**Student:** 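Here you go, one structure.
Keep in mind that what you see is a predicted model, and the values were worked out from it rather than measured. Note: hydrogens, waters and symmetry copies are ignored here, and every other heavy atom, side chains too, is used.
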Amino acid sequence: MEKEGVIIFGGSAGSIEVIMNIFPFIPANYPFAIVVVLHRKNTAEYHLEDVLSRNSNIPVIEIQDKMQLKPAHIYIAPGDYHLLVDDTGLFTLDYSEKINFSRPSIDLTFECFANAFGNRCIAVLLSGANSDGAKSLKIIQDNGGLTIVQSPESAKVAIMPMSAINLFSPDVIADIPEISGMLLEASKYPISHYISQIKHGDELNNSLPIILIVDDLEDNLFSLNAVLKFEGYIIHLANSGALAIEMAMKQQYDCIVLDVQMPKMDGFEVANILSQNDFTKNIPFIFLSALGSDKEKVLEGMDSGAIDFLAKPVDPPLIKAKLKLCIKLSSKYKNSKILFNTIKEEHSSLKEVNSDFAASLRYAQNIQQAILPAAEVLNYLFKDNFVIFRPKESIGGDFYLVKEIGNKIIFICGDCTGHGVPGAMMTMITHNIINNIIDNNKKVVPNLILEDIANEYIKAFKNEISNITIQDGLELAVCTYYKKEKKMQYAGAGRPIFIVKQGIMEFLKGNSTGINAHISKNVKFTLKEFMIDEGDQIYLYSDGIVDQFGGPKDKRFTTKRFAHVLASCSNLTMTEQKEIIENSILNWKLGFDQIDDILVMGLKF
């Protein structure tokens with residue numbers, strides 16, 4: 001393999017819990033291979049790789065003899081075999097005598113990786129009940145690799161990490177959140193560069209914003225890290241106020257997200273200490289706490305200079321929007337003597353803006369727009385296209401999604417019940433459900449996608465214990481285009497589509513009903529297939545356009561009238577078609593309010 005780099009974990013008693021907390025946050029595009037060598041019986045009733053696979057974004061594999069090491073894979077050393085590796089990344093399993101009463105021997109494996117990878121190896125020694133791994137961890141350090149030892153205080157069994165610390169000075173001693181943060185940070189750089197900078201105590205030369213998240217509960221740290229890990233930030237984690245202050249004194253952060261209720265030192269005390277230090281006083285921070293409904297606490301936090309005070313549980317779109325404001329401020333005024341006063345001024349104006357509901361809607365509008373495909377994506381995937389997206393209010397319940405999966409293009413038009421804030425909330429939930437079905441469940445056939453969505457809606461919105469059921473639902477048109485075969489598949493849940501082939505328009509209907517929590521379990525949706533020729537056009541739309549009232553007799557626009565408009569302009573360019581459709585509906589509703597969100601997609605092949 002090309003030596004991009006490797007992360008190797010060694011451990012014994014108490015280490016499985018550690019890696020189960022770290023690995024779910026390793027992204028699918030992680031550039032390095034990860035190897036795990038643990039003392040465990042090969043007669044265990046479960047396979048460790050199966051357990052780890054359930055929450056992993058990258059493949060988890062038990063190593064076989066002569067298997068080749070590859071990036072973006074997690075490799076588990078099998079029980080009762082020594083694990084060796086050569087300088088090409090080829091594994092060898094060995095059944096020779098036990099070393100230090102152990103097979104696999106962590107020392108033996110670490111030494112092999114030290115010789116094979118040198119300064120492209122990061123080794124992490126975790127909780128364990130003997131000294132295996134300590135000696136060869138020193139060899140990894142001597143060969144230029146980075147050595148990380150789990151802090152004995154956080155280890156379930158401290159013998160293994162203490163053995164290494166007593167033998168030599170590891171490069172880093174860290175608890176679980178810090179280890180997780182370092183592994184994510186390492187993926188932003190060439191591994192040898194990252195290792196060199198950490199070993200020499202230099203600041204990493206990067207242009208990515210660095211965020212410090214502070215919370216005494218590891219579950220909260222991991223949860224917020226999961227929300228932010230793909231947003232283009234370097235995330236550092238601290239599980240106490242004291243640790244946060246120590247880290248902030250060494251690193252110029254772009255923003256600190258700070259819990260309030262913490263033992264020994266609460267968030268207000270941390271903020272007060274940081275605000276009095278010349279190096280840290282200009283770092284913008286956001287309080288995130290269960291006290292978000294306590295007005296006195298909120299005012300106390302805001303008066304301390306915070307950008308905002310957000311309530312737990314965290315609302316992902318809101319924290320992302322607030323962080324963007326922090327990053328904007330930090331980027332604009334970083335290393336400036338006037339930063340603190342500027343933040344105070346921005347804070348004062350922000351309180352006034354946040355009192356205005358319209359400002360919140362504008363935030364939400366930006367967030368909702370961010371999940372929609374960019375025009376560049378549509379232009380790349382289709383010969384020609386247009387999208388008419390007109391929510392009734394600033395935000396709404398209509399959405400569209402486009403994904404390219406290998407040889408296939410999946411495109412979806414969705415209409416969630418309602419408009420405004422409720423519709424937008426349903427949109428975000430549905431968008432996440434669909435992404436999970438396509439990306440994680442690997443579903444690409446339209447009727448199967450709809451069936452999975454229906455099952456997820458039942459689980460998400462029907463609480464049989466409390467007898468609470470969300471009545472809202474959605475209508476969808478789902479299409480999958482197979483580029484090589486020039487074949488199209490379609491399934492609909494309450495949303496039909498129009499097809500124009502060689503100037504002839506066809507109206508294609510799927511299932512007549514939409515999806516909600518009352519839909520039958522294991523419902524089936526009809527799949528329709530047809531071939532696509534060059535120049536064919538497909539139109540997807542929500543019901544907002546056909547239900548719009550207007551005209552001289554205060555009537556609905558109707559599907560029939562919409563079909564007539566499409567037929568009259570389908571021979572024109574997509575840009576011209578868009579203009580004609582928009583003018584048609586604007587003229588129709590002249591003098592009438594828009595009654596629903598409007599979405600129309602036109603795609604040419």
Side-chain angles (χ1 to χ4, degrees), residues 14 18 21-22 25 124 126-127 148-156 158 161-162 164-165 169-185 198 201 203-204 209-225 228 233-292 297 300-310 312 314 319 323 326 330 340:
V18 177
N21 278 313
I22 292 175
F25 305 108
V124 185
L126 301 174
S127 170
I148 303 174
V149 174
Q150 182 181 356
S151 63
E153 298 83 1
S154 68
K156 185 174 182 180
M162 280 303 303
I165 293 169
S169 296
D171 297 308
V172 179
I173 299 173
D175 57 17
I176 299 171
E178 289 175 278
I179 294 171
S180 180
M182 289 187 71
L183 298 186
L184 291 175
E185 184 178 12
I198 295 297
E203 289 188 7
L204 289 163
I210 306 177
I211 310 298
L212 175 62
I213 303 173
V214 188
D215 199 300
D216 62 301
L217 298 178
E218 288 183 354
D219 285 347
N220 291 342
L221 288 174
F222 290 142
S223 176
L224 191 52
N225 183 61
L228 301 174
Y233 304 134
I234 294 173
I235 306 293
H236 289 181
L237 306 175
N239 62 1
S240 71
L243 179 59
I245 292 171
E246 178 183 346
M247 295 172 68
M249 296 298 180
K250 298 176 181 178
Q251 171 70 56
Q252 186 69 55
Y253 289 101
D254 293 278
C255 184
I256 297 177
V257 180
L258 188 57
D259 184 27
V260 174
Q261 293 177 296
M262 294 185 290
K264 297 183 180 179
M265 184 185 298
D266 66 24
F268 294 148
E269 293 175 88
V270 175
N272 182 54
I273 292 172
L274 294 178
S275 68
Q276 296 180 43
N277 182 278
D278 288 339
F279 183 73
T280 59
K281 67 180 182 180
N282 294 326
I283 302 174
F285 58 95
I286 297 171
F287 282 121
L288 185 65
S289 174
L291 299 173
K297 292 294 183 182
E300 182 180 353
M302 298 300 285
D303 288 339
S304 70
I307 293 299
D308 215 322
F309 196 118
L310 305 182
K312 291 182 181 179
V314 63
I319 187 65
L323 271 177
C326 271
S330 181
F340 186 73

**Student:** Ser289 and Gln261: which non-hydrogen atoms are nearest, and at how many Å?
**Tutor:** OG-OE1, 4.4 Å
**Student:** Name all residues meeting the ring pair (Phe, Tyr, Trp, His ring centres under 6.0 Å) criterion together with Phe287; count only those two or more places apart in sequence or in a different chain, and write none if there are none.
**Tutor:** Phe268, Phe285, Phe309
**Student:** Are any non-hydrogen side-chain atoms of Cys326 and Ile256 less than 4.5 angstrom apart?
**Tutor:** no
**Student:** Ignoring hydrogens and angles, tell me if any N or O in the side chain of Asp254 forms a donor-acceptor pair with the backbone of Ile210 under 3.5 Å.
**Tutor:** yes
**Student:** Please give me the minimum heavy-atom distance between Leu243 and Asn239, naming the atom from each residue.
**Tutor:** CD2-OD1, 3.7 Å
**Student:** Do Val172 and Glu178 have side chains that get closer than 4.5 Å, going by heavy atoms?
**Tutor:** no
**Student:** Are any non-hydrogen side-chain atoms of Met182 and Val124 less than 4.5 angstrom apart?
**Tutor:** no
**Student:** Measure across Ile173 and Pro152 and return the closest heavy-atom pair with its distance rounded to 0.1 Å.
**Tutor:** CG2-CD, 4.3 Å
**Student:** With a 4.5 Å heavy-atom cut-off, do Asp171 and Ile148 have their side chains touching?
**Tutor:** no
**Student:** So, for Gln252 and Ile283, which heavy atoms are closest and what is the spacing to 0.1 Å?
**Tutor:** NE2-CG1, 3.5 Å
**Student:** Would you name the heavy atoms of Ile286 and Leu323 that are closest together and state the gap between them?
**Tutor:** CD1-N, 4.2 Å
**Student:** Rounded to the nearest 0.5 Å, what separates atom NE2 in His236 from atom CD1 in Ile211?
**Tutor:** 10.0 Å
**Student:** Quick one: CG on Leu224 to CG on Leu217, what's the gap to the nearest 0.5 Å?
**Tutor:** 12.5 Å
**Student:** Which side chain to side chain donor-acceptor pair (under 3.5 Å) pairs, counting each pair once, include a residue from residues 265-274, with sequence neighbours left out?
**Tutor:** Asn272-Gln276
**Student:** Per the side-chain contact (heavy atoms from CB on, under 4.5 Å) rule, which among Asp259, Val257, Leu258, Val260 passes with Leu288?
**Tutor:** Val257
**Student:** Using every non-hydrogen atom in the two residues, find where Ala244 and Leu212 come nearest and quote the distance to one decimal.
**Tutor:** O-CD2, 3.9 Å
**Student:** For Ala155, which residues count as a side-chain contact (heavy atoms from CB on, under 4.5 Å) partner, sequence neighbours excluded?
**Tutor:** Ser127, Gln150, Pro161
**Student:** Any ion pair linking Lys264 and Asp216 (charged N to carboxylate O, less than 4.0 Å)?
**Tutor:** no
**Student:** Mind checking side chain to side chain donor-acceptor pair (under 3.5 Å) for Ser169 and listing every partner two or more places apart, or none if nothing turns up?
**Tutor:** none
**Student:** Tell me every residue that passes salt bridge (Lys or Arg N to Asp or Glu O under 4.0 Å) with Asp219, counting only those two or more places apart in sequence or in another chain.
**Tutor:** none
**Student:** To the nearest 0.5 angstrom, please state how far the CG atom of Leu237 sits from the CG atom of Leu221.
**Tutor:** 5.5 Å
**Student:** For Asp175, enumerate each residue passing the salt bridge (Lys or Arg N to Asp or Glu O under 4.0 Å) test, keeping only those at least two apart in sequence or located in another chain.
**Tutor:** none
**Student:** So, does Asn277 use its side chain to make a donor-acceptor pair with the main chain of Phe279 at under 3.5 Å?
**Tutor:** yes
